Number of protein chains: 2
Amino acid sequence: MPTREEAKAARREAIINAALRLMYARGDSGFSMRALAEAAGVSIATPYNLFGSKQAIMLAVLDTGMTLYEERLSRLEADELDIFFEAVSLAKDLYAEAPKFHQAVLFSAYGDGGRDYRAVFGDPRFLFWKMLVERAREAGFLDADIDPNAMALALSQQFFICILEWAYGEIELEELESRVHYTFALLLNGAATAAGSARLKPHLKVLQKHLTSLWPVSAPRTSAAASR
Amino acid sequence: MPTREEAKAARREAIINAALRLMYARGDSGFSMRALAEAAGVSIATPYNLFGSKQAIMLAVLDTGMTLYEERLSRLEADELDIFFEAVSLAKDLYAEAPKFHQAVLFSAYGDGGRDYRAVFGDPRFLFWKMLVERAREAGFLDADIDPNAMALALSQQFFICILEWAYGEIELEELESRVHYTFALLLNGAATAAGSARLKPHLKVLQKHLTSLWPVSAPRTSAAASR
DNA sequence: CAATAATTTATAACATGTTATAATCCAAAC
DNA sequence: GTTTGGATTATAACATGTTATAAATTATTG
């Protein structure tokens with residue numbers, strides 16, 4: 001005799017699990033709410049009662065993935081400068097474990113234009129970047145008068161757009177990592193002290209070389225260029 | 001007795017115009033294909049014959065706006081460094097003339113995730129930024145070994161994500177401009193020569209001050225932060 | 001144990017983008 | 001001028017996300 005709240009929680013879980021199962025199976029989020037309800041063993045009305053919309057369900061799925069990422073992130077140890085690049089690579093590694101699945105989650109969670117998306121994805125990450133910026137500044141790698149909010153915003157936005165490009169199938173995982181690394185190095189170097197620049201400048205060259213090596217004629221794949 | 005092609009072109013135009021009219025009137029793209037067909041005086045099947053999908057119609061509408069922007073852009077005259085910022089402000093000015101309309105166009109055109117979007121929006125702009133980067137490099141403001149493709153990619157992506165944020169109603173036009181200006185300065189300074197840096201560093205401080213002044217408690221509005 | 005009230009369920013319905021089909025129209029070809 | 005064929009039209013249909021409604025279920029309350 002489960003409590004009412006327990007039963008509700010169980011149904012919630014069943015729905016999320018069914019969504020996960022369907023997405024892993026098909027590799028995309030193209031399941032219908034009717035199919036989801038059937039897979040979860042509930043009525044079509046229940047997902048709406050418990051989550052409100054398909055969007056919200058996708059966000060709940062995304063949220064479970066974020067928890068995993070944040071946990072690994074907290075165990076990351078690196079230099080105040082290297083940590084920026086390590087955090088990016090960590091995300092890439094996580095995505096690489098189940099690329100199709102993550103693409104599907106990210107793609108569909110962003111769906112409506114990402115207003116709620118940000119609550120799960122953008123905002124917590126922004127705070128993380130801000131913390132890293134503050135540390136790098138204290139370590140003397142970044143200019144003292146740089147604003148951590150402004151800098152972190154630029155970083156998280158750049159990360160975000162590259163993830164979006166990958167989720168939309170425009171670029172490969174390797175290029176995702178490379179693009180973010182390169183742009184991070186550029187942004188950080190733009191606000192670096194002499195000490196920071198001394199480390200970032202050489203790094204930047206390596207990163208640029210790697211990034212451009214991914215492009216066929218040394219031009220990035222901005223896709224659909226021929227369709228006009 | 002109009003030619004068959006003429007009649008087709010006229011219908012095309014009628015549909016685009018109807019779409020424009022509906023979007024200007026309501027300020028969003030929430031019109032149905034049935035409403036569009038009626039407003040254009042054609043059958044519901046015709047827009048599908050001529051464009052293929054609602055997406056494609058939105059892209060055609062976006063395209064007309066892009067033409068205007070590119071025309072003004074080509075008349076822009078400024079220093080090899082200032083031009084970056086002028087081009088951003090020009091877009092802002094254009095959007096300011098009919099903000100609701102442009103938001104609606106951008107929002108809905110990006111709809112599916114922007115695969116085709118890029119053909120109209122991303123790619124032509126990328127080439128423009130690349131040209132500016134090459135000029136700035138030749139003028140001695142940017143490091144000689146910087147790759148114009150890599151740099152232009154970072155710039156256009158940053159511009160793009162900020163426009164998206166505005167289209168999604170996350171930020172105001174003024175913040176759109178300020179964010180892009182700031183990040184452009186950071187990115188450019190990250191690859192600047194001594195001469196370039198001499199001009200960008202002071203500019204960066206001003207831009208950072210302006211950007212942070214737009215935030216209430218000196219924290220950017222990443223929205224929905226309270227909804228978890 | 002009986003009454004209550006919260007949830008789920010089954011079901012229908014609606015709006016929407018999109019596709020299919022057959023009838024109709026009309027410029028183009030002869 | 002008649003025929004032909006490409007395009008549009010009217011219409012129905014489908015899948016989908018979502019909402020509404022009444023009936024059924026079941027933990028909770030007394």
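Just so you know, these numbers come straight off a predicted model, no measurement behind them. Proteins get letters first, then strands, A, B, ... in listed order; numbering begins at 1 in each.
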Report task. By nearest nucleotide on DNA chain D, pick out whichever of B:Arg4 and B:Thr46 is the more 5' one. Result ->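 Taking each residue's closest nucleotide, the earlier one in sequence belongs to B:Arg4.
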Taking atom [atom2] of [N] as reference, at what distance in whole Å does atom [atom1] of [X] sit?
X: B:Glu38; N: D:dT9; atom1: CD; atom2: P; result: 13 Å
X: A:Lys8; N: C:dT9; atom1: NZ; atom2: P; result: 13 Å
X: A:Phe51; N: C:dT8; atom1: CZ; atom2: P; result: 11 Å
X: A:Phe31; N: D:dG17; atom1: CZ; atom2: C1'; result: 12 Å
X: B:Arg11; N: D:dA7; atom1: CZ; atom2: P; result: 10 Å
X: B:Gln55; N: C:dT19; atom1: CD; atom2: P; result: 13 Å
X: A:Glu5; N: D:dA27; atom1: CD; atom2: C1'; result: 11 Å
X: B:Ile44; N: C:dT16; atom1: CD1; atom2: C1'; result: 9 Å

Query raised in the report: Is any N or O donor-acceptor pair between the side chain of B:Arg34 and the base of C:dT18 shorter than 3.5 Å?
Result: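 Such a pair exists between side chain and base.
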Requested in this report: Give the intermediate values and the outcome of salt bridge (charged side-chain N to carboxylate O under 4.0 Å, His left out) for residues B:Glu71 and B:Arg75.
Outcome: CA-CA 7 Å; B:Glu71 190 208 327; B:Arg75 282 206 298 271; 3.0 Å; yes
Requested in this report: Could you say whether A:Ser43 or B:Ser32 is positioned toward the 5' end of DNA chain C, judged by the nucleotide with the nearest heavy atom to each?
Outcome: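 First, find each residue's nearest nucleotide; the 5'-ward one identifies A:Ser43.
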Query raised in the report: Under 4.0 Å between a side-chain N/O of A:Lys54 and OP1 or OP2 of D:dT18, yes or no?
Result: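 Checking D:dT18 against A:Lys54, no side-chain N or O comes under 4.0 Å of OP1 or OP2.
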Query raised in the report: Is A:Asn49 near enough to C:dT7 that one of its side-chain N or O atoms lies under 4.0 angstrom from OP1 or OP2?
Result: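 Checking A:Asn49 against C:dT7: no side-chain N or O falls below 4.0 Å of OP1 or OP2.
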Report task. Indicate yes or no: does A:Glu170 engage A:Arg179 in a salt bridge with an N to O separation below 4.0 Å. Result ->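 Salt bridge absent between A:Glu170 and A:Arg179.
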Query raised in the report: For B:Leu36, which contact category applies under a 4.0 Å heavy-atom criterion: base, sugar-phosphate, or nothing?
Result: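 Nothing: the residue B:Leu36, judged by heavy atoms under 4.0 Å, touches no strand.
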Query raised in the report: With a 4.5 Å limit on heavy-atom distance, are the side chains of A:Leu20 and A:Phe101 in contact?
Result: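 Of all side-chain heavy-atom pairs linking A:Phe101 with A:Leu20, at least one is under 4.5 Å.
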**Report entry** B:Trp215 side chain to B:Glu175 side chain, donor-acceptor N/O pair below 3.5 angstrom
**Finding:**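 A pair is found: one side chain offers a donor N or O, the other an acceptor, under 3.5 Å apart.
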With respect to the side chain of [X], which nucleotide from [options] is positioned closest?
X: B:Leu50; options: C:dT9, D:dT18, D:dT8; value: D:dT8
X: A:Tyr48; options: D:dT18, C:dG17, D:dA27; value: D:dT18
X: B:Met33; options: D:dT8, D:dT18, C:dT18; value: C:dT18
X: B:Ala45; options: C:dT9, D:dA10, C:dT7; value: D:dA10

Query raised in the report: Parallel, tilted or perpendicular: which describes the rings of A:Phe159 and A:Trp129, with under 30° parallel and over 60° perpendicular?
Result: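 Because their plane-to-plane angle is over 60°, the rings of A:Phe159 and A:Trp129 count as perpendicular.
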